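Just below is one structure, and these are the notes that go with it.
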2 protein chains.
Amino acid sequence: MDNLSDETKRALKLWVVLAKCFNAVAERDKRSIARFGLIPSEFAVLDTLYHKGPLPLSEVGKHLLLTSGSITYMMDKLEKQELVERKACSEDRRVIYARLTDAGRERIETIFPEHAETLREILSGLSAEEQEIATVLLRKLGRRANEGT
Amino acid sequence: MDNLSDETKRALKLWVVLAKCFNAVAERDKRSIARFGLIPSEFAVLDTLYHKGPLPLSEVGKHLLLTSGSITYMMDKLEKQELVERKACSEDRRVIYARLTDAGRERIETIFPEHAETLREILSGLSAEEQEIATVLLRKLGRRANEGT
DNA sequence: TTTAAATATTACAACATTAAGATAATCGAT
DNA sequence: ATCGATTATCTTAATGTTGTAATATTTAAA
């Protein structure tokens, strides 16, 4: 720990702080979403379909960074709640679309503004300028981390 | 989405970027640790015990943000690999210490520098100055997010 | 002494991944 | 044009990691 270069120690510290920060925000994000009886992945599906319209299951998975197996599981749960439905694609019979039901649309329209407001409060530890800077830096960091994929 | 305040939109964007950045780094962190046949939580236990010495299981849990049930599971796994051992506390018979075995110590001493070097590379998307700024901002953000607990 | 709090384990449920498979589309060589 | 191989999409089953709730034991406190 002590014979590491300054550069390495700096990177290590940043990674620890990044992880803790993410966990803290994620925990509050989860609690906010739980008020509406959903877990974050479920909310993310509704949110994605609301803003992008019906999508092939594989596209939903790419967007949420979930594997195909997990998407099947999520969709089964959301269909049981009648918030989302599967719809066969007429052009390509391998494809199944995920689509909001009317109930799902109503639900996300109710939830979204309230949850967004809560997130605004959670992130209010940084001023507008600081948030802009943080966004730029994190984007840069993420891009580089993804290169090594 | 469109009738949100600028402030809210800014916060939302930051949260999306933060999450993506964290996921990208976490994914590479995981791959780096996997080279040594461990998962991140296992590595974290070894790392913690190496730098802090033997600790009560409950303390390990607090440090890794894992519940007591999860720690029991982790310890069972690490004991099977003979990297860590349980040791009863003589003063308080409710307490059980987690302690590195000699093999565990050797293992972490080998792994740690290599993994740290990999992390340095993963985070090298930001310059030293940028890393300092990011650390300050994320710490501030995390602190505020934790207040609402 | 009874009560409450702290510690660890157990049993179970939730959410994720991986690997294997079923079916459908596509593409290349004949 | 068609056959065969490859690729894409989704599902299923097995498994791994985590959390939650209930329990047992021990300690501390009233």
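In this text the structure is predicted, and so the values were computed from the model without any measurement. Letters A, B, ... are given to chains in the order of the sequence lines, protein chains preceding strands, and every chain is numbered from 1. Just so you know, these numbers use all the heavy atoms, side chains as well, and skip hydrogens, waters and symmetry mates.
The residue B/Ser68 sits close to a base: some heavy atom pair falls under 4.0 Å. A/Lys77 comes within 4.0 angstrom of sugar-phosphate atoms only, judged by non-hydrogen atoms across all strands, and of no base. Across all strands, B/Leu64 comes closer than 4.0 Å to no nucleic acid atom at all (heavy-atom distances). Counting non-hydrogen atoms under 4.0 angstrom, B/Ser70 reaches a base of the nucleic acid. Within the 4.0 angstrom heavy-atom criterion, only backbone atoms of the sugar-phosphate kind lie near A/Leu66; the bases stay farther away.
In this structure, the CG atom of A/Leu57 is 18 Å from the P atom of C/dT23, given to the nearest Å. As rounded to whole Å, 16 Å separates atom P of C/dT7 from atom CE of B/Met75. Protein atom NZ of B/Lys80 is 10 Å distant from nucleotide atom P of D/dG16, rounded to whole Å. Whole-Å rounding puts the B/Phe43 CZ to D/dT17 P distance at 17 Å. As rounded to whole Å, 12 Å separates atom C1' of D/dT9 from atom CZ of A/Arg86. Between the CG atom of A/Asp76 and the C1' atom of C/dA14 there is a distance of 14 Å, given to the nearest Å. Counting to the nearest Å, the P atom of C/dT18 and the CD1 atom of A/Ile71 are 14 Å from each other. A/Lys30 has its NZ atom 10 Å from the P atom of C/dA16, to the nearest Å.
Residue B/Ser41 places at least one side-chain N or O under 4.0 Å from the OP1 or OP2 atom of D/dT18. When the side-chain nitrogen and oxygen atoms of A/Thr67 are compared with OP1 and OP2 of C/dT18, none of them lie within a distance under 4.0 Å.
Of the candidates D/dG16, C/dA16, C/dA24, D/dG16 carries the atom nearest the B/Tyr73 side chain, counting heavy atoms from C-beta on. Set against C/dA24, D/dC10, C/dT9, the side chain of A/Arg93 has C/dA24 as its closest nucleotide. Nearest to the side chain of B/Met74, among C/dT7, D/dT18, D/dT9, sits D/dT18. Side chain of B/Asp92, nearest nucleotide from D/dT27, C/dA8, D/dT9: D/dT27.
DNA chain C is contacted by both B/Gly69 and A/Leu65; B/Gly69 maps to the nucleotide lying nearer its 5′ end (nearest heavy atom per residue). Sequence order on DNA chain D of the closest nucleotides to A/Arg94 and B/Glu91 puts A/Arg94 first from the 5' end.
Across all their heavy atoms, B/Glu82 and B/Ala103 have their closest contact at O-CB, 3.8 Å. Nearest heavy-atom pair across B/Phe112 and A/Leu4 is CE2-CD1, 3.7 Å.
By the 6.0 Å contact criterion, CG on A/Asp102 is open, its count of non-hydrogen atoms from other residues, nucleotides or ligands being 12 or less.
Between A/Lys140 and B/Glu130 a salt bridge is recorded (basic side-chain N to carboxylate O distance below 4.0 Å). Salt bridge status for B/Glu117 with B/Arg120: present, with a side-chain N to carboxylate O gap under 4.0 Å.
Donor-acceptor pairing under 3.5 Å is lacking for the side chains of B/Thr110 and B/Arg107.
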